[in-house]
Protein chains: 2
Amino acid sequence: MVLEMLFDWEQRVAHMGMRDRMVSIKDVAALAGVSDRTVSRVVNGEGLIRPKTKKKVQKAIETLGYVPNQAARLMRTSRSNVLGLITDVVSTTPFSTDIVRGIQDALDGTSYTLLTVNTSADPAKEQRAWQVFREHGIGGVFYVTMFHRHVPRDTEFPSTPTVLVNCSDPEQAIPSIVPDDYQGGLDAVRHLVERGHRKIAYVVLNELLLAADLRGRAFFDALATAGIEVRKEWVVPGRVGAIFADKLVAFENARRILNNPDRPTAIVCGNDEIALQVYCAATDLGLRVPDDVSIIGFDDFQVITTGIQPPLTTMALPYRDMGALAVRMLLDIIAGHPQKKKHVEYRCELVLRNSVSSPRLPGARSANST
Amino acid sequence: MVLEMLFDWEQRVAHMGMRDRMVSIKDVAALAGVSDRTVSRVVNGEGLIRPKTKKKVQKAIETLGYVPNQAARLMRTSRSNVLGLITDVVSTTPFSTDIVRGIQDALDGTSYTLLTVNTSADPAKEQRAWQVFREHGIGGVFYVTMFHRHVPRDTEFPSTPTVLVNCSDPEQAIPSIVPDDYQGGLDAVRHLVERGHRKIAYVVLNELLLAADLRGRAFFDALATAGIEVRKEWVVPGRVGAIFADKLVAFENARRILNNPDRPTAIVCGNDEIALQVYCAATDLGLRVPDDVSIIGFDDFQVITTGIQPPLTTMALPYRDMGALAVRMLLDIIAGHPQKKKHVEYRCELVLRNSVSSPRLPGARSANST
DNA sequence: TTGAAAGCGCTAACAT
DNA sequence: ATGTTAGCGCTTTCAA
């Protein structure tokens, strides 16, 4: 039976390279004994239909298994039910996929579907993507980047409603949604300070990233506000190198800082990947988390944060919500509703787990037995 | 300037809910002084065109910025340049996203784009997805699952060319591509045996997963072949509970096994997440990897495998290649080429890193200083 | 090598 | 409350 189905494809495909003629609105009309226009009205829920007629038509639709032809509809109305999604994923870093999921989920109740293109951060591919979108008469585009960043100043966005997610243009003329990395960084450090830490180190994200800049400034500002002096030797890089080809060096650097009687009681990590390495560095030295060192991450990348023991306290990036908001914004724009805010910075929320505690009282020595 | 662009959208959208009339083949024809049919020939590279005519047309296309209207083309030909992608992602597990990337990358040189739908493993949504695909006249679909599994026996696949990726139907009537978890499991254990291990534990994947079954059988078979007796108390669950709501228990279980003078010298982990917990368990006990325990993972989930110290030796799931193969198969089917193989099991390759060494000589005591 | 005519399935605009 | 007509942009078919 299923085998026949397969055979079917091969037949159809071999013979003519096309599927059976679709059952059209006319077929439905004929069966229901009404005009095609009436069927169209029913399909699009236009009202001004006698309930009885409606029933008849719906039954005909049912028995014929009619589905509307979006291509025809688009041709007539120039209103597509497809939105474009551009991502710039590269390599195996699975970050920010939750943005896409947030978008997909939010689109779920609507009539919209997503045409997705991945540019691998290649400008040529990106241009091609926009062309594909034009070819398909797409009505709006989500432009999603893997890392929080500015879009290059000379990027030309076609005149299709577009929402930037996880990135923004320097002029902030294109609607955009980004995480508030600065606030997140501030709150992360504050959390440590509130728990009594004053000897705080910082293992920095790749400094080429905008997030690194934002979170880094937050670190310095938060310490300044708390009246804590920054120990320069305790601010070390966690990743170095070109952005899609960088190298994790958090382990070595954290190990060096920690391997010293005068060591920090808490470490702020540029993100959860770095936090993982800092963990490894701590345990490599026989130090316990959080008893000997508190560690706080950033991103809430759950494979890491809920996978390690003890689970990692971290600053969550509001990816799903950003995706949901992007959908609301884009649909609003398409519907012609003016936007109050063109650029929104979405709040990061602290996720409390078990990698942060109060620092041990000065003088007490680390216990390192099971 | 960019602001004007925005204003533009709002104008257009508010006034009529549609974009400017597309520049059509006729406009090009008029400018080039030829018939529309001729333009069509050029656009589709049909040959039988005088080079001079071709030039003229191409120039007109250029100056007008013409892009073909896929909707119109589809209507006429019933051959869509869009393929469907169904995924069943749920929760925050980022597994198997590389399959999707493999597909996207392989599609890159072609004229095809992807319409993606995420079902969240909800049958109603899945059915809706197929309808959406029909509405868009989609020519083929990739059905990608997050976990290697069988598709439920009663799943009805519409008569659209479909390739199952990371799953298969029990009858293997639908073309499908899955990883060879059994071979992978076998090779993983063999690697340990070759390094001299005979005291080998196994922290099992959620036993509801097909991969767990396959990898599990491989574990027992490999030990049997090597003439090693299985220690039942060293085979423990790493995850328990319903599939999309399971709980990691690898840490506790690994810790219990390891916290014993008579402990395994190597641990096979159901996947890399579990391996991460086993690491934590080992270091929690002051044990060193790989000196005191060797650990081998499964999946090559790089955030983990290259993030922890020492980096994790693991059995890689050939996700990208599976995606690429899926593209080849689907395009072949659409083109009417018969398939030699309907069901392929893709080989897993061992990735050597630093979490496996030979077991310490019996009698030598563990050193646990820095 | 090129062109003319027809029609894919749908809905806007206008009847009735 | 329902029907008629026309045409969106393209390619197929046939003719020149």
Side-chain angles (χ1 to χ4, degrees), chain A residues 15-58 60-61 64-82 111 134-137 139, chain B residues 15-57 60-61 64-82 111 134-137:
Chain A
H15 283 351
M16 27 211 277
M18 56 158 65
R19 86 182 47 68
D20 315 314
R21 193 180 66 75
M22 295 187 71
V23 354
S24 83
I25 214 169
K26 277 192 182 144
D27 303 316
V28 177
L31 181 59
V34 297
S35 81
D36 49 358
R37 188 59 247 268
T38 302
V39 176
S40 171
R41 283 200 181 90
V42 172
V43 171
N44 296 314
E46 284 181 35
L48 297 193
I49 303 262
R50 257 191 322 173
K52 215 162 99 184
T53 323
K54 194 167 166 183
K55 287 263 156 60
K56 262 195 313 193
V57 172
Q58 283 170 330
I61 287 177
L64 256 33
Y66 165 83
V67 291
N69 180 329
Q70 296 285 353
R73 179 178 285 173
L74 169 57
M75 239 174 95
R76 197 63 258 258
T77 63
S78 301
R79 258 179 284 105
S80 171
N81 276 323
V82 180
S111 60
R134 277 228 290 156
E135 291 183 354
H136 287 277
Chain B
H15 282 353
M16 27 209 277
M18 56 156 67
R19 86 181 49 68
D20 313 315
R21 193 178 67 76
M22 294 187 71
V23 353
S24 83
I25 215 170
K26 277 194 182 144
D27 303 317
V28 177
L31 181 60
V34 298
S35 81
D36 48 358
R37 184 61 246 266
T38 301
V39 176
S40 173
R41 283 202 181 88
V42 172
V43 171
N44 296 315
E46 283 180 37
L48 298 192
I49 303 263
R50 262 192 316 176
K52 216 162 98 185
T53 323
K54 194 167 165 181
K55 286 264 158 57
K56 259 194 315 194
V57 172
I61 287 176
L64 257 32
Y66 165 82
V67 291
N69 180 331
Q70 295 286 355
R73 180 177 286 174
L74 169 57
M75 236 172 97
R76 199 64 254 258
T77 63
S78 301
R79 256 178 286 105
S80 171
N81 275 323
V82 179
S111 60
R134 278 228 290 155
E135 292 183 356
H136 288 276

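The chains referred to below are lettered A, B, ... by the order of the sequence lines, with proteins before strands, and numbering in each begins at 1. Any value given below was found using the heavy atoms of this structure, including those in side chains, with hydrogens, waters and symmetry copies removed.
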Protein-nucleotides 14-16 of chain D N/O pairs closer than 3.5 Å?
none

(request) Please answer whether the main-chain N or O of S40(B) pairs with a side-chain N or O of N44(B) as donor and acceptor at a distance below 3.5 Å. (result) yes
(message) Using side-chain heavy atoms (C-beta onward) and a distance below 4.5 Å, is Q58(A) in contact with V42(A)?
(response) yes
(message) I want to check something: taking the side chain as every heavy atom from C-beta on, are Y66(B) and I25(B) in contact at a cut-off of under 4.5 Å?
(response) yes
(message) What's the angle between the local helix axes at either end of the helix from dT1(C)-dA16(D) to dT16(C)-dA1(D), using five pairs per end and rounding to 10 degrees?
(response) 30°
(request) Have a look at I49(A) and say if it touches a base, only the backbone sugar-phosphate, or nothing, with a 4.0 Å heavy-atom cut-off. (result) sugar-phosphate
(message) Could you tell me if the side chain of D36(A) sits less than 4.5 Å from the side chain of V28(A), heavy atoms only?
(response) no
(request) Rounded to the nearest 0.5 Å, what's the gap from CD1 on I49(A) to NZ on K55(A)? Could you check? (result) 13.0 Å
(message) Give me the atom names and distance for the closest heavy-atom approach of A32(B) to A60(B).
(response) CB-CB, 3.9 Å
(message) Within this structure, what is the NZ-CG distance for the pair K54(B) and L48(B), rounded to the nearest 0.5 Å?
(response) 11.0 Å
(request) Taking the side chain as every heavy atom from C-beta outward, state whether T53(A) and R41(A) have any pair of such atoms under 4.5 Å apart. (result) no
(message) Rounded to the nearest 0.5 Å, what separates atom CG in N69(A) from atom CZ in R76(A)?
(response) 14.0 Å
(message) Looking at T38(A), I'd like to know whether one of its side-chain N or O atoms comes within less than 4.0 Å of OP1 or OP2 on dT2(D).
(response) no
(request) Considering only heavy atoms of chain A and a distance under 4.0 Å, specify the first and last nucleotide of DNA chain C in 5' to 3' order that meet this criterion. (result) dG9(C) to dA13(C)
(message) What is the distance, to the nearest angstrom, from the CG atom on L74(B) to the C1' atom on dT11(D)?
(response) 12 Å
(message) Just to verify, what does R37(B) make a side chain to side chain donor-acceptor pair (under 3.5 Å) with, not counting sequence neighbours?
(response) E46(B)
Extract from the structure each pairing of a protein N or O with an N or O of nucleotides 7-9 of chain D at less than 3.5 Å, listing the distance.
unit_1, atom_1, unit_2, atom_2, d
dG7(D), N2, R76(A), NE, 3.0
dG7(D), N2, R76(A), NH1, 3.2

(request) Could you grab the distance from atom CZ of R79(B) to atom CG of L74(B), nearest 0.5 Å is fine? (result) 10.0 Å
(message) For N81(B), give me all partners under side chain to side chain contact (heavy atoms under 4.5 Å, CB included), at least two apart in sequence or on another chain.
(response) Q70(B), R73(B), S111(B), Y112(B)
(request) Report yes if the side chains of I61(A) and L31(A) come closer than 4.5 Å at any heavy-atom pair, otherwise no. (result) no
